[in-house]
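Here's the structure we're looking at; comments come further down.
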Amino acid sequence: MAEQRTFPSPEADPDTEAFWAAAKEGKLMLGSCKSCGEKHYYPRGMCPHCGSSDVELTQASGKGEIYSWSVLRRAQPPYAIAYVTLEEGPTMMTNIIEADLDGLAIGQKVELKFSPTEDADGAPVPTFKPA
Amino acid sequence: MSINGKAYIAGVYEHPTRKAVDKSLAQLHAESALGALADAGLSKNDVDGYFCAGDVPGLGALSMVDYMGLNLRHMDTTESGGSSYVMHVGHAAEAIAMGKCSVALITLAGRPRAEGMATGTAPRNYGSTSPDVAFEFPFGPTVVNMYAMCAMRHMHEYGTTSEQLAWIKVAASHHAQHNEHAMLRNVVTVEEVVNSPMISDPLHRLDCCVISDGGGAIIVTSPEIAKSLNRPLVKVLGVGESPKGQMGGKVDLTYSGAVRSGATAFEEAKVKPADMKYASIYDSFTITVLMQLEDLGFCEKGKGGAFVSDGNLIAGVGKLPFNTDGGGLCNNHPANRGGLTKVVEAVRQLRGEAHPAVQVANCDLALAHGTGGSLGTRHGSGTVIMERE
């Protein structure tokens, strides 16, 4: 198992503080549009699909599969960045953790596991491990 | 309304430096500007429009305008990373067509090498007010791993191989051997590319462009002024630009904004990809070239691997000579922004002023294309099509 990199803490703003508050409770939230019904990621104050500002946060199951990945071999320690497509539809940027970095594959099933970040009061970030 | 035939590229200049420890950023911009003006046969007092992007020092264009003592009636600071300067050619043509200026100066410069910048492998952060940063920066997105994810997906969907990508670098190296200013002049083989160290799967070291200091400039003028100068006439036929991002989570890494910028430019130019005698294609990485060639319509989507193989991009060998200066992969990538030098080499080809070993015979139609930002997250694509009159 690879050594784990340290994650910088995300900075919340008025648009995203509810998302990061949910993250501290272990919940991954998606943007969900009450007007067109589409989900989006990252969550924001307007629906990027239809333009409505009638949006809310809904919880994702945390299940998904790898859309694409790459291991940055030059980093110390090397780490796997990825886009994961959630079963709810949206694809999000993340890291694959607790995995054999030489055994990753597009289409591989993964599940959510939040990773702590470097600031003591920083929110954890949504990472994924092989399911 | 169209800009087809409304503007000409009258001057180009590529700064010869590749490591500028002894020059300031403003100085590199100014030397590049003077170089392009001299090439056109114009002076700085002829300039009435100035176009620059985020690589200039100071607030927008203001500090450079003041430094160079320009007396303007039009300026444009469109910022789209490395594709900005291709878009600037279009914006300059539009401004000239509207009578807003008649001699447009575009400059680019940067010193990432002198400053020791970890260009490709350090995570980039555009600041906490950028709405995507909190959702991306913690995961360590760099230039190279973002393009690497595009390559990984392309391989998965279309069966593209590392050997096919390597052919792009091989072609660039064949051209760079003739360029005395190129950073990497050794001809390399497919085997050398795929056996070079893995930087970020599946991109190897030789799939990546150089890091260089330098700069460049372009002069775009009205037809009347261009025809009064003693230079070959390079007419702007068509331009296109398009941003592309993550589309709210509908991420698709298999294509770029070139699908739209290219189609727009070809429609305005009233020509088609097969008419192009030469193409300058932004080559931050080998995968950048392959995706853009597909998206611009030089080959079918997913067939880029076969298209670039067996020397098809090498001048005198293949059907579509590209980046005959060695491109970003071998020659120069000033300010980590490759769009301006793409236009410069296309103009050299159209004028018949490329190195004789790589000059395309009867080169009367050429394309220059840039991608700025990151193909893996959000980027801007700019395309310009030019004709030698």
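Side chains are part of it too, since the values below use all heavy atoms of this structure and drop only hydrogens, waters and symmetry mates. Labels below follow one simple rule: chain letters A, B, ... track the order of the sequence lines, proteins then strands, and each chain is numbered from 1.
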Select one option (side chain, backbone, both, neither) describing which atoms of Tyr79(A) are under 4.5 Å from chain B's heavy atoms. side chain
Can you see whether Thr383(B) engages His369(B) through a side-chain donor-acceptor pair at a distance of less than 3.5 angstrom? yes
Given a strict heavy-atom distance threshold of 4.5 Å, which part of Thr94(A) is in contact with chain B: side chain, backbone, both, or neither? both
Looking only at the side chains, is there a donor atom on one of Tyr41(A) and Glu88(A) sitting less than 3.5 Å from an acceptor on the other? no
Please report the interatomic distance CG(Leu184(B)) to OG(Ser173(B)), rounded to the nearest 0.5 Å. 9.5 Å
At a heavy-atom separation under 4.5 Å, does Glu118(A) approach chain B through its side chain, its backbone, both, or neither? neither
Listed by residue number, which members of residues 136-156 of chain B have a heavy atom under 4.5 Å from any heavy atom of chain A? Glu136(B), Phe137(B), Pro138(B), Phe139(B), Gly140(B), Pro141(B), Thr142(B), Val144(B), Asn145(B), Met146(B), Ala148(B), Met149(B), Met152(B), Arg153(B), His156(B)
Once rounded to the nearest 0.5 Å, what's the spacing between atom CE of Met93(A) and atom CD of Gln246(B)? 5.5 Å
Using only heavy-atom distances, determine whether the side chains of Ser84(B) and Glu79(B) contain a donor-acceptor pair under 3.5 Å. yes
Just checking, any donor-acceptor pair under 3.5 angstrom between side chains of Glu157(B) and Thr254(B)? no
Donor-acceptor contact below 3.5 Å, side chain His379(B) vs main chain Ser256(B): no
From Phe307(B) CZ over to Ser309(B) OG, what is the distance, rounded to the nearest 0.5 angstrom? 10.5 Å
Residues in residues 42-50 of chain A near chain B [non-hydrogen atoms, under 4.5 Å]: Tyr42(A), Pro43(A), Arg44(A), Pro48(A), His49(A)
Testing the 3.5 Å rule here: is there a donor-acceptor pair between the side chains of Ser261(B) and Ser242(B)? no
Glu65(A) bridged to Lys109(A) by N-O distance under 4.0 Å: yes
For atom CZ of Arg260(B), decide whether the heavy atoms of other residues, nucleotides or ligands shown that lie under 6.0 angstrom number more than 12. no
Answer yes or no: is there a donor N or O on one side and an acceptor on the other, between the side chain of Lys244(B) and the main chain of Ser381(B), under 3.5 Å? no
Got a second to check how far Met183(B)'s CE is from Ile211(B)'s CD1, nearest 0.5 Å? 8.0 Å
Side-chain (Gln292(B)) to main-chain (Tyr282(B)) donor-acceptor, under 3.5 angstrom: yes
Report the distance from atom CD of Glu56(A) to atom CE of Met29(A), rounding to the nearest 0.5 Å. 8.5 Å
Exactly one of Asn323(B), Thr371(B), Thr288(B) clears side chain to side chain donor-acceptor pair (under 3.5 Å) with Asp283(B), and that residue is Asn323(B)
Which answer fits Thr85(A), side chain, backbone, both or neither, if we ask what part of it has an atom under 4.5 Å from a heavy atom of chain B? neither
Do any N or O atoms from the side chain of Asp213(B) and from the backbone of Arg113(B) form a donor-acceptor pair under 3.5 angstrom? yes
Inter-chain contacts: residues 66-73 of chain A against chain B, heavy atoms under 4.5 Å: Tyr67(A), Ser68(A), Trp69(A), Ser70(A), Val71(A), Leu72(A), Arg73(A)
Pick one of side chain, backbone, both or neither for Asp15(A), based on which atoms fall under 4.5 Å of a heavy atom in chain B. neither
Which one of Leu290(B), Leu203(B), Leu329(B) satisfies the side-chain contact (heavy atoms from CB on, under 4.5 Å) criterion with Phe285(B)? Leu203(B)
Output the residues of residues 119-131 of chain A for which the shortest heavy-atom distance to chain B is under 4.5 Å, in residue-number order; output 'none' if no such residue exists. Val125(A), Pro126(A), Thr127(A)
Tell me if the NZ atom of Lys301(B) is crowded by more than 12 foreign heavy atoms within 6.0 Å. yes
